*Asks:* 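Take this structure, written in structure tokens, and hold onto it; I'll ask about it next.
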Amino acid sequence: MVIKHIMVLLFLVFRLSSATVTYNVQSFGAKSDGRSDSKNAFLKAWSLSCNSTSPASIYVPAGRYLIASALTFSGQGCKSRAITFNIAGTLVAPSSYNAIGDAQVWIKFYIVKNVTINGGTLDAQGSSLWACKTSGKACPKGSTVRPYTSTNLHRVFVRTSVFFLFSFFHEIITNMYLLQTLGFYHSQNIVISKLRSLNSQMFHMLLYSCKNAKIQGVSIVAPGLSPNTDGIHLTYSTGITILSSKISTGDDCVSIGPGNSNIWIEKVVCGPGHGISIGSLGWEREEPGVQNVTVKTTTFVGTTNGLRIKAWARSSNGFVNGVYFKGATMMNVKFPIIIDGNYCPNNNNCPMLAQLGS
């Protein structure tokens, strides 16, 4: 009888410890009027979730919530085994791209584990930056400009004992011109489900040095003429799955940069946009390759390109290996399949392989 009571007690303790605790951002001052800055309310909900010893949920009710400056959710020191964002409303960025400042990422997750985003909309209000770029005024140039010319820093910092110091500087150098709506950095076991991203200033979603992520049922929308508004960009990541999503942008629907492996893309509809691209690659002499990429059952409608692999005409030890394209449907696509070893957008200051040596 005593053993039975002990077993019941242990069961109740386990149930209590595994129960999910929920934090409503409105409880911490978030306003759904689209005008009051709700950033601190989101940070408070995140802090409590991180410090919870049980799985935690952050709930965002219906309405529009202004996040007036760059917002970073850091997973360093988190106790919770899992944190889920259940979003019924819309997070709204300031209309001025200068409000994000030097951070370059509007909503950033840094060194997090077991984070899920369910539903909701991110409205980055990128039209002011697009207008700036169209006018020819001084404004961020975007991903078509290579912001560094040094040897690849990624291979340097992974060989040192101060990984995150070098990683930090590499992120700044590599992504200094990329204004991102949502970025995950050095994170693992991520799920992004049924999220809608609207009018990103530049990249909608970026995964940098991430492991095991699933992006499913997302909707990404920007006008076909909006510059550098890549849908999903992957770099130095592994074990990434993108499923059943609709992406309409002014640049690549999905772009796969250097150092990615074990990527699965299926049932993605792309258009308008520049297609699904591996690259650009080969800018650095020492650069990690791309391998084990599967793209299947995709649909391209009104895109510039369909399936593309692009590399600069430079001497590099980068490579592409184990790529599998199957079951693509293309309608009104200008260049259905491209393998471009002489990539140089706008044909401006293009590198020449012969000048750099073999």
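Since the model is a prediction, treat every value here as computed from it, not as a measurement. Because only heavy atoms are used, hydrogens play no part in the values below, and waters and symmetry mates are left out as well, while side chains stay in.
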*Asks:* Any non-hydrogen side-chain atom of Trp283 less than 4.5 Å from a side-chain atom of Ser316?
*Replies:*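 Answer no - side chains too far apart.
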
*Asks:* Do Ile309 and Ile240 belong together in a cluster built from hydrophobic side chains that touch within less than 4.5 Å?
*Replies:*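 Yes, because Ile309 and Ile240 connect within a single hydrophobic cluster, where side-chain heavy atoms sit under 4.5 Å apart.
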
*Asks:* Give me the atom names and distance for the closest heavy-atom approach of Gly217 to Ser245.
*Replies:*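 Looks like N-OG, 3.4 Å.
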
*Asks:* Should Val221 and Ile215 be regarded as members of a common hydrophobic cluster, given that ILVMFWY residues are connected when their side-chain heavy atoms come within less than 4.5 Å of each other, either directly or indirectly?
*Replies:*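 No: no chain of side-chain contacts under 4.5 Å links Val221 to Ile215.
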
*Asks:* Stepwise, does the side-chain contact (heavy atoms from CB on, under 4.5 Å) test hold for Thr20 with Thr84?
*Replies:* CA-CA 10 Å; Thr20 299; Thr84 299; over 6 Å; no

*Asks:* Would you please name every residue forming a side chain to side chain contact (heavy atoms under 4.5 Å, CB included) with Thr90, sequence neighbours left out?
*Replies:*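 Per chain and number, Thr90 pairs via side chain to side chain contact (heavy atoms under 4.5 Å, CB included) with Arg64, Val92, Thr121, Asp123.
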
*Asks:* Hydrophobic cluster membership, with links at side-chain heavy-atom distances under 4.5 Å among I/L/V/M/F/W/Y: are Val115 and Tyr23 in one?
*Replies:*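 In one cluster with Val115: Tyr23, no.
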
*Asks:* Could you point out which residue of Ile192, Leu243, Thr241 forms a side chain to side chain contact (heavy atoms under 4.5 Å, CB included) with Gln216?
*Replies:*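 Result for side chain to side chain contact (heavy atoms under 4.5 Å, CB included) with Gln216: Leu243.
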
*Asks:* Under 3.5 Å, is there a donor-acceptor pair between the Thr229 and Thr249 side chains?
*Replies:*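 There is no such pair between these side chains.
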
*Asks:* Heavy atoms, side chains only, cut-off 4.5 Å: are Cys50 and Ser80 in contact?
*Replies:*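 Counting from C-beta outward, Cys50 and Ser80 never come under 4.5 Å.
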
*Asks:* How many angstroms lie between atom OG of Ser237 and atom CD1 of Ile263, to the nearest 0.5 angstrom?
*Replies:*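 CD1 of Ile263 is found 7.0 Å from OG of Ser237.
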
*Asks:* Would you find a donor on one side and an acceptor on the other, under 3.5 Å apart, between the side chain of Ser280 and the backbone of Ala311?
*Replies:*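 Judged by distance alone, no pair lies under 3.5 Å.
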
*Asks:* Identify whether Ile232 and Trp264 are in the same connected component of the hydrophobic contact network (ILVMFWY, side-chain heavy atoms under 4.5 Å).
*Replies:*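 No; tracing contacts between hydrophobic side chains, which count when under 4.5 Å, never links both residues.
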
*Asks:* Compare all side-chain heavy atoms of Asn199 with those of Pro223 and state whether any distance is below 4.5 angstrom.
*Replies:*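 They are in side-chain contact.
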
*Asks:* So, for Ser255 and Gly279, which heavy atoms are closest and what is the spacing to 0.1 Å?
*Replies:*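 Minimum heavy-atom separation between Ser255 and Gly279: CB-O, 4.3 Å.
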
*Asks:* Angle class for the Trp46/Phe85 ring planes (parallel below 30°, perpendicular above 60°, tilted otherwise)?
*Replies:*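 It falls in the parallel class, under 30°.
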
*Asks:* Any heavy-atom pair between the side chains of Phe28 and Leu48 that's under 4.5 Å?
*Replies:*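 Result yes, sub-4.5 Å side-chain heavy-atom pair found.
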
*Asks:* Find the distance between CG (Asn228) and CD (Gln201) and round it off to the nearest 0.5 Å.
*Replies:*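 Nearest 0.5 Å value for the CG-CD distance: 12.0 Å.
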
*Asks:* Return the NZ to CD1 distance between Lys113 and Ile190, rounded to the nearest 0.5 Å.
*Replies:*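 If we round to the nearest 0.5 Å, Lys113:NZ and Ile190:CD1 are 10.5 Å apart.
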
*Asks:* Measuring from atom CD of Gln180 to atom OG of Ser197, what distance do you get when rounded to the nearest 0.5 angstrom?
*Replies:*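 One gets 11.5 Å once the value is rounded to the nearest 0.5 Å.
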
*Asks:* CG/Asn260 to OG/Ser209 distance, rounded to the nearest 0.5 angstrom?
*Replies:*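 Spacing of CG (Asn260) from OG (Ser209) equals 10.0 Å.
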
*Asks:* Measuring only between side-chain heavy atoms, which start at C-beta, is Val25 closer than 4.5 Å to Pro61?
*Replies:*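 Yes. Closest side-chain heavy atoms under 4.5 Å.
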
*Asks:* Examine distances only and state if a side-chain atom of Ser38 and a backbone atom of Ala30 form a donor-acceptor pair shorter than 3.5 Å.
*Replies:*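 Checking the backbone N and O of Ala30 against the side chain of Ser38, no donor-acceptor pair under 3.5 Å is found.
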
*Asks:* For the side chain of Asn212 and the backbone of Gln188, is there at least one donor-acceptor N/O pair under 3.5 Å apart?
*Replies:*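 Absent.
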
*Asks:* Is there a donor-acceptor pair closer than 3.5 Å between any side-chain N or O of Ser128 and the backbone N or O of Ser95?
*Replies:*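 The answer is yes, because a donor-acceptor pair under 3.5 Å joins these two groups.
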
*Asks:* Can you tell me if Trp106 uses its side chain to pair, donor with acceptor, with the backbone of Ile67 under 3.5 Å?
*Replies:*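 The answer is yes, because a donor-acceptor pair under 3.5 Å joins these two groups.
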
*Asks:* Is the distance between the ring centroids of Tyr185 and Tyr110 under 6.0 Å?
*Replies:*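 Ring-ring flag for Tyr110/Tyr185: false, centres at least 6.0 Å apart.
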
*Asks:* Do you know the tightest heavy-atom contact between Ser69 and Lys39?
*Replies:*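 Closest approach of Ser69 to Lys39: OG-NZ, 3.1 Å.
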
*Asks:* Please check if the number of heavy atoms outside Lys246 that lie under 6.0 Å from its NZ is greater than 12.
*Replies:*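 Atom NZ in Lys246 is packed in, count exceeds 12.
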
*Asks:* With rounding to the nearest 0.5 angstrom, report the CD1 to OG distance, Ile111 to Ser187.
*Replies:*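 Separation between the atoms: 7.5 Å.
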
*Asks:* Between the side chain of Ser96 and the main-chain N/O of Asn98, is any donor-acceptor distance below 3.5 Å?
*Replies:*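 Yes, Ser96 side chain to Asn98 backbone: donor-acceptor pair under 3.5 Å.
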
*Asks:* Indicate the ring-plane relationship of Phe203 and His233, choosing parallel, tilted or perpendicular according to the 30° and 60° boundaries.
*Replies:*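 The arrangement is tilted - the two ring planes meet at 30° to 60°.
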
*Asks:* Taking Asp340 for its side chain and Asn342 for its backbone only, find out whether a donor-acceptor pair lies under 3.5 Å.
*Replies:*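 Yes; at least one donor-acceptor contact below 3.5 Å.
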
*Asks:* Test side-chain contact (heavy atoms from CB on, under 4.5 Å) on Val254 and Ile247; report intermediate values, then the result.
*Replies:* CA-CA 8 Å; Val254 180; Ile247 304 174; 3.9 Å; yes

*Asks:* Give a yes or no answer on whether the side chain of Thr238 reaches the backbone of Lys211 with a donor-acceptor pair at less than 3.5 Å.
*Replies:*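 Not at all, since once roles are kept as given, no pair shorter than 3.5 Å links the two residues.
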
*Asks:* Shortest non-hydrogen contact from Gly273 to Cys253?
*Replies:*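 Between these two residues, the closest heavy atoms are CA-SG, 4.5 Å.
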
*Asks:* Going by heavy atoms in the side chains, are Ile256 and Ile265 under 4.5 Å from each other?
*Replies:*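 Counting from C-beta outward, Ile256 and Ile265 do come under 4.5 Å.
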
*Asks:* Check whether Asn317 reaches the backbone of Glu287 with its side chain - one donor and one acceptor, N or O, closer than 3.5 Å.
*Replies:*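 Pair found, side chain donor or acceptor close to backbone of Glu287.
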
*Asks:* What are the two closest non-hydrogen atoms of Lys310 and Ser277, and how far apart are they?
*Replies:*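 Where Lys310 meets Ser277 most closely, the heavy atoms are CE-CB, 3.9 Å.
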
*Asks:* Flag the pair Lys133 / Met202 as yes when at least one side-chain heavy-atom distance between them is below 4.5 Å, and no otherwise.
*Replies:*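 Yes. Closest side-chain heavy atoms under 4.5 Å.
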
*Asks:* Could you see if Ile338 belongs to whatever hydrophobic cluster contains Tyr343? Use Ile, Leu, Val, Met, Phe, Trp, Tyr and a side-chain cutoff under 4.5 Å.
*Replies:*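 No, Ile338 does not connect to Tyr343 through the hydrophobic network.
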
*Asks:* Test side-chain contact (heavy atoms from CB on, under 4.5 Å) on Leu179 and Leu129; report intermediate values, then the result.
*Replies:* CA-CA 10 Å; Leu179 299 176; Leu129 179 61; 3.5 Å; yes

*Asks:* Checking one residue: Val191. Which other hydrophobic residues are in its cluster under the side-chain 4.5 Å linking rule?
*Replies:*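 Val191 shares its hydrophobic cluster with no other residue.
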
*Asks:* Given Leu91, which partner from the list Leu66, Leu182, Leu122 fulfils the side chain to side chain contact (heavy atoms under 4.5 Å, CB included) test?
*Replies:*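 Passing option: Leu122.
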
*Asks:* Report the relative orientation of the aromatic rings in Tyr236 and Tyr208; use parallel for angles under 30°, tilted for 30 to 60°, perpendicular for over 60°.
*Replies:*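 Perpendicular, since the angle between the ring planes exceeds 60°.
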
*Asks:* Which is it for Trp130 and Leu225 under the side-chain contact (heavy atoms from CB on, under 4.5 Å) test, yes or no, and what are the steps along the way?
*Replies:* CA-CA 9 Å; Trp130 309 337; Leu225 295 179; over 6 Å; no

*Asks:* Could you list the donor-acceptor pairs under 3.5 angstrom formed between side-chain atoms of residues 296-307 and any protein atom two or more places apart in sequence or on another chain?
*Replies:*
| from | atom 1 | to | atom 2 | distance (Å) |
| --- | --- | --- | --- | --- |
| Thr303 | OG1 | Asn305 | O | 2.7 |
| Asn305 | ND2 | His274 | O | 3.1 |

*Asks:* Does the side chain of Gln291 come within less than 4.5 Å of Phe319's, by heavy atoms?
*Replies:*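 They are in side-chain contact.
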
*Asks:* Closest approach of Leu281 and Pro258, non-hydrogen atoms and distance?
*Replies:*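 The pair with the smallest heavy-atom distance is CD2-N, 3.7 Å.
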
